2 protein chains.
Amino acid sequence: MSPAKRHAKVKMTDIAQAVGVSAMTVSRAFKGDTGVKPATRAAVLSKAEELGYVFDATAANLRQSRTGFVAVVVPSLENANFSATVRALSKALSQKNIQILLANTEYDVEEEERLIPQLLRRNPEAIVLIGTQHSKRTRALLKKAPVPVIEIWDLPREAIGHVVGFSNFDAVQLLVAHLVKSGRRRLGFLGGEAGNDPRGQQRRAGFVAALAQLALPAHRLVPLGTAPVGMTEGAAGLDRLLSQFPDTDGIICVSDLVGFGAVAQCARRGIAVPETLAIAGFGNYEIGRVCEPALTTVDVGAEQIGQRTAELVFDLLAPGNTRQGPRRFDIHPDLIVRRSTP
Amino acid sequence: MSPAKRHAKVKMTDIAQAVGVSAMTVSRAFKGDTGVKPATRAAVLSKAEELGYVFDATAANLRQSRTGFVAVVVPSLENANFSATVRALSKALSQKNIQILLANTEYDVEEEERLIPQLLRRNPEAIVLIGTQHSKRTRALLKKAPVPVIEIWDLPREAIGHVVGFSNFDAVQLLVAHLVKSGRRRLGFLGGEAGNDPRGQQRRAGFVAALAQLALPAHRLVPLGTAPVGMTEGAAGLDRLLSQFPDTDGIICVSDLVGFGAVAQCARRGIAVPETLAIAGFGNYEIGRVCEPALTTVDVGAEQIGQRTAELVFDLLAPGNTRQGPRRFDIHPDLIVRRSTP
DNA sequence: ATGAAAGCGCTAACAA
DNA sequence: TTGTTAGCGCTTTCAT
C-alpha cells in the first residue's frame, strides 16, 4: 500500500489552510466559479494536486440535496438490445457527469421489488426502468417516490410517470403485414408466452390480433419457456412448431435470437428459407444481419430509446424545470426486410 | 404529481418526534440494532411507513465514511462475455446491498481517464476495471487512490492492485494444441491486432508464440480493425485470409463472434468446415453453441470472474480486514471441442 | 434501553 | 474577490 493511502483524508480546509485562503474559495475554485482570481484558483488547484486531494461528492451531495446519479433498472444485460439502450443512455449522461447506478433484476419482479428501495435510499435524480411490469408494492413505492420515474421499452396503458417506448403490439403488425403481402397465410409465432417478459407477450398478442383482423388463423403459437430465451430455444421451437403445424409457411419470432435458432435449425433439416418457410425475427440484432439467410426484422430503436431517455433526464433536471405533467415519447420501430422472407 | 411529492422531506427526527423518542432510537430501530425495545421498534417502523419515510443513504455515508457501492468500469456492455461478468458481480454484490456504479469506456482509454476521477469522487469502496490497459495518468491516479483497485479479465505483468483474470496468451495455446494434434499445420488468426483490445492482442501473441515453439509458420494473421469486432468483421476477415493464404487449413478467431462470421461465410462460399477448413472461436458465446457447425472454443469463465471478484470485494470490505498485500486470482480457461474442428 | 451533543466535508446565504 | 456562519441528515460517542 502506498504511503498516500495511510494519510488521513485531505479535505478542502487542508488546501485552504495550505494556500492561505478560506474553504469557500477552494470550493469556488473547484467548481470553476466566476469570481475567483485566476492566480488564486491556480494556487488552489496546484496545491490540491500536490496534496492528492480528492473531492468528496458525498458531502457535496448531502449539502446540495443533489446526487448527480440516475438509477437504471434492467431485466438483463445479456441482451444486446438492452445493452444498446444502456450504452446510449450511459454515454449521454456521462457527458454531463451524471453517473449510473445499475440494478439487474434478471426478469424477476420480486428481485426488482427488493432492489428499488435500495436505489431510492441513495437519492437518485431519476429512476429509469426497462419494462413496465412491476409488483404492486413496487408500483406504489414508485408512485410516491420523490424522483421522476421513467419507464422505457414499452408503452404502458397506465404509466407510473414518464415513458420512452414503443408499442411491441403494433410493431409486430409490420411483420405480419409484410408476410401476408408476400402471400403467406399459415403463420406461426415462436415465443412470447413467458409471464416474465411482457414485451414478448405484447408481440405475440399483436400477432394474434393482426391475424384475427385479416381473418387468418392464429393458433400456431409455440411457447419457448421463461425469459430470457435465445438461439437454443429458437432451434427447439422450430421443431415443435413444424411437428404440430407442418403446413406453416411463415414464422415470426419473439426476437432475432430465436429467429436465428430457427433459421439454423432449418439449415440442419434442409428446409428452404424463405422458399418453403419464411422466417422473421424482432429487434434487429447483429446476428440477424449476418446469418444466412439474413433475417427480416423490426428495428425498435434501442439506442434511440437510451438517447431520448437521457434527453428527458436532462430536461427533468434542468434548474428552471417547472415539473409539468408526465411526458411520453413514442418511438416508431422500422421494418427491415431481408432475405429470410420473400 | 402526487401530493406526497410536494411535502418536505421526511427525516429521522420527524419520526422521532411523532413517536416520542430520539433520533438515535429511530436510527437504531432501522438498522435492526440490538438494544431497542421491540415495541419501540414496531412503533418507529410503522410511523416511518405512515409518513413515507425514505432513509437517506447519502447522509449516513458521509457520517460513516462508507458508501456501499463499487465502481465498475467496462470497455463495453454489448459483449456477452463482459455482461456475464457484470451480471455475476452485480448479483453477488446486491445480495449484500452493495450497489454498482457503472462506467462504460467504449474501449477508449481517454474516456476511461475522464471517467475514473468522477467515480473516485463518489468514494466507492472498490473500483473494478475490466482490462489492464490504462493511460499513464489513470494508472497514477489509481495507484494512489484510497480504494482497492481490482483489474479483471487479464493477468497484467504489473498490476495496480488486485487481479482476477486469466492469461489470454496461454488460453489460445489450448486451441493451437488441439488443431495441431488433429493434423492442421497451416494455421491463421483472425483479429487481435487492435490497439484498443489488449486481450485480443494477447490471444494473437499467444497464437504466434505457440506456432513458433512448434516450428510452424505464423504469418497468416489478418487484422479486423478497431474493437469491438464482431460477426460482420469475421465474415470479411475470412475472405481476406483465404485470398492472401489460400492454403490455410485452420483458423483461430479472436472471439466466437468473429468465428461465427467466418463459419457463415464458409457456408456461403461452399467451404466445408471442418473438412477443408477448421475454425475455432474464443469465449464460449451462445452463438458458438448454436451455429452450424458448432464452434470449438475456449470458455474463459466470465461468470466465475465476476463471482470471484465479488468475493474479493467482500473480503476487502470485511471489518477486520488487515489490508494484506494485493491478491491475484488466476482463472483457468477450458477448451471446448465442437464440430467446427476435426 | 434511550438520549444529547458533536461532527462527517461540503456549500448556500449573507457579509465584507 | 473573498470570508463567516450555519446546516444538509445521519451516526459516533458518551452519558444516563
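Sequence lines set the chain letters: A, B, ... in the order given, protein chains first and strands last, and positions in each chain run from 1. Here the structure is a predicted model, which means the values were calculated and not measured.
Take A:Phe82 and apply the ring-ring contact (aromatic ring centres under 6.0 Å, His included) test, not counting sequence neighbours, and it matches A:Trp153. For the side-chain hydrogen bond (donor to acceptor under 3.5 Å, both in side chains) test, no residue two or more places apart in sequence or in another chain qualifies with B:Gln133. In terms of the ring-ring contact (aromatic ring centres under 6.0 Å, His included) criterion, residue partners of A:Phe30 (sequence neighbours excluded) are, by chain and number, A:Tyr53. For the side-chain hydrogen bond (donor to acceptor under 3.5 Å, both in side chains) test, residues two or more places apart in sequence or in another chain that qualify with A:Asn123 are B:Asp56, B:Thr58. Checked against side chain to side chain contact (heavy atoms under 4.5 Å, CB included), B:Gln118 has the following partners two or more places apart in sequence or in another chain: A:Asn97, A:Gln99, B:Arg121.
Boundaries of the chain B contact region on DNA chain D are D:dG9 to D:dT13, first to last in 5' to 3' order (nucleotide atom under 4.0 Å from a heavy atom).
Going from atom CZ of A:Arg66 over to atom P of C:dT11 covers 11 Å, rounded to whole Å. In this structure, CD1 of A:Ile15 is placed 12 Å from C1' of C:dG9, rounded to the nearest angstrom.
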- Does the pair A:Val149 and A:Lys143 meet the rule for a side-chain contact (heavy atoms from CB on, under 4.5 Å), with working shown? CA-CA 8 Å; A:Val149 174; A:Lys143 271 280 187 201; over 6 Å; no

Please report, to 0.1 Å, the donor-acceptor pairs under 3.5 Å made by any side chain of residues 305-317 of chain A, with sequence neighbours excluded.
| unit_1 | atom_1 | unit_2 | atom_2 | d |
| --- | --- | --- | --- | --- |
| A:Gln307 | NE2 | A:Glu311 | OE2 | 3.1 |
| A:Arg308 | NH1 | A:Glu311 | OE1 | 2.9 |
| A:Thr309 | OG1 | A:Ile305 | O | 2.6 |
| A:Asp315 | OD2 | A:Arg327 | NH1 | 3.3 |
| A:Asp315 | OD2 | A:Arg327 | NH2 | 3.1 |

All N/O donor-acceptor pairs, side-chain side in residues 100-108 of chain B, below 3.5 Å, sequence neighbours left out:
| unit_1 | atom_1 | unit_2 | atom_2 | d |
| --- | --- | --- | --- | --- |
| B:Asn104 | OD1 | B:Glu106 | N | 3.1 |
| B:Thr105 | OG1 | B:Val74 | O | 3.3 |
| B:Thr105 | OG1 | B:Tyr107 | N | 3.3 |
| B:Asp108 | OD1 | B:Glu110 | N | 2.8 |
| B:Asp108 | OD1 | B:Glu111 | N | 3.4 |

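Nucleic acid contact for B:Ser65: none, since no nucleic acid atom lies under 4.0 Å from a heavy atom of the residue.
Taking all atoms of both residues into account, the shortest heavy-atom contact from B:Ala71 to B:Pro124 is N-CB, 3.8 Å.
Note on residues 34-49 of chain B: pairs passing salt bridge (Lys or Arg N to Asp or Glu O under 4.0 Å), not counting sequence neighbours, are B:Lys47-B:Glu50.
Where the helix from C:dA1-D:dT16 to C:dA16-D:dT1 starts and where it ends, the local axes point in directions that differ by 30°; five pairs per end, rounded to 10°.
Taking only side-chain nitrogens and oxygens, A:Ser27 comes nearer than 4.0 Å to OP1 or OP2 of C:dT11.
Under the 3.5 Å distance criterion, the side-chain polar atoms of B:Asn196 are matched with a main-chain donor or acceptor of B:Ala227.
Shown for residues 36-63 of chain A: residues whose heavy atoms fall under 4.0 angstrom of DNA chain C, namely A:Tyr53, A:Phe55, A:Asp56, A:Ala59, A:Ala60, A:Arg63.
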Atom pairs, protein N/O to nucleotides 13-15 of chain C N/O, distance under 3.5 Å:
none

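No hydrogens or angles considered: nothing links the side chains of A:His162 and A:Glu151 as a donor-acceptor pair under 3.5 Å. For the residue pair B:Arg114 / A:Ser94, a side-chain donor-acceptor distance below 3.5 Å is found, with atom types taken as modelled.
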